[in-house]
Amino acid sequence: MSTLRPGGAPNAAVVSGLRRLSRARDPVAAPAPAPTGSRCDLCETTIDEEHRHLLQMTEHRILCVCEPCWAMRAGDPELRPTGTRVAVLNGFDLSDELWSGLQIPIGLAFFFRTAAGGVVAFYPSPAGATESELDLDAWNDLVAANAVLEGLEPEVEALIVDRISDEHAAAIVPIDRCYELVGAIKASWQGISGGTAVEDAVGAFFAGLGARRSVA
């Protein structure tokens with residue numbers, strides 16, 4: 001497993017994006033008002049209180065955009081709209097053995113497929129998001145146990161797994177929602193383990209997802 005720390009070039013863009021997202025939107029509820037002076041990352045016009053996001057494919061960077069830019073630029077080759085599907089995976093099959101094979105050091109992570117065919121995991125740490133490229137055999141074992149993952153859209157959708165709460169949970173969510181959660185966790189992290197605020201943030205996140213849509 002190859003692990004990249006937040007100081008590396010790929011993570012710098014991601015962490016910058018998730019920090020901005022965590023300020024711009026509540027990780028569970030509807031988008032909060034954008035900070036005074038926030039602007040569209042593409043045209044620099046003032047962003048509405050509720051704004052959309054685009055994924056910059058080359059740097060895998062989340063862009064906050066106004067409605068006109070979203071409408072005009074969403075089809076650009078280097079840009080893609082972030083996903084829209086929210087599916088809580090009831091009965092998700094993730095044994096301790098399968099989880100061990102993924103080699104994630106804590107009980108919370110999100111996973112997305114890359115356009116090149118790989119799978120990347122992000123998990124929170126005191127320094128922010130840590131990136132890990134997964135062993136494809138371990139990921140394929142997880143997909144074999146959960147056929148719903150075969151339809152995970154590359155780059156813009158993610159599987160998020162919570163094993164730190166008393167009741168384990170998993171969901172498919174838009175990629176920007178994952179970045180928001182990681183940013184919120186970093187802001188509330190306490191001590192070495194993160195403290196109870198992390199569990200509270202994760203629990204609230206999944207509670208909000210459950211109110212939207214679920215699949216067996």
Rounded to the nearest 0.5 Å, how far does [atom2] of [Y] lie from [atom1] of [X]?
{"X": "R177", "Y": "T82", "atom1": "CZ", "atom2": "OG1", "value": "10.5 Å"}
{"X": "M57", "Y": "E155", "atom1": "CE", "atom2": "CD", "value": "4.0 Å"}
{"X": "L54", "Y": "D41", "atom1": "CG", "atom2": "CG", "value": "9.5 Å"}
{"X": "I106", "Y": "R163", "atom1": "CD1", "atom2": "CZ", "value": "12.5 Å"}
{"X": "R85", "Y": "E157", "atom1": "CZ", "atom2": "CD", "value": "4.0 Å"}
{"X": "I104", "Y": "L134", "atom1": "CD1", "atom2": "CG", "value": "5.5 Å"}

Any side-chain heavy-atom pair of [X] and [Y] under 4.5 Å:
{"X": "L102", "Y": "F111", "value": "yes"}
{"X": "V143", "Y": "L152", "value": "no"}
{"X": "R73", "Y": "L42", "value": "yes"}
{"X": "L63", "Y": "L79", "value": "yes"}

task = Could I get the full list of side-chain hydrogen bond (donor to acceptor under 3.5 Å, both in side chains) partners for Q56, not counting sequence neighbours?
result = none
ask   = What residues form a side-chain hydrogen bond (donor to acceptor under 3.5 Å, both in side chains) with R113, not counting sequence neighbours?
value = none
ask   = With no hydrogens and no angle check, is any side-chain donor or acceptor of N146 less than 3.5 Å from a backbone partner on L149?
value = no
Flag, side chain of D135 to backbone of D137, donor-acceptor distance under 3.5 Å = yes
request  = Say whether L136 and L98 are linked into one hydrophobic cluster, either directly or through other cluster members, by side-chain heavy-atom distances under 4.5 angstrom.
outcome  = yes
inquiry  = As a quick check of understanding, evaluate side-chain contact (heavy atoms from CB on, under 4.5 Å) for L89 and L159, giving each step before the final call.
reply    = CA-CA 9 Å; L89 305 180; L159 165 70; 3.8 Å; yes
On a heavy-atom basis, which atom in [X] and which in [Y] lie closest, and how many Å separate them?
{"X": "M72", "Y": "D76", "answer": "O-OD1, 4.0 Å"}
{"X": "V156", "Y": "P81", "answer": "CG1-O, 3.3 Å"}
{"X": "L142", "Y": "L94", "answer": "CD1-CD1, 3.6 Å"}
{"X": "C178", "Y": "A158", "answer": "SG-CB, 3.7 Å"}
{"X": "Y123", "Y": "L108", "answer": "CB-O, 3.2 Å"}
{"X": "C40", "Y": "C66", "answer": "SG-N, 3.5 Å"}

ask   = What class does the angle between the rings of Y179 and F122 fall in, given that below 30° is parallel, 30 to 60° is tilted and above 60° is perpendicular?
value = perpendicular
remark   = The complete set of ring pair (Phe, Tyr, Trp, His ring centres under 6.0 Å) pairs with one or both residues in residues 61-104, sequence neighbours excluded, reads none
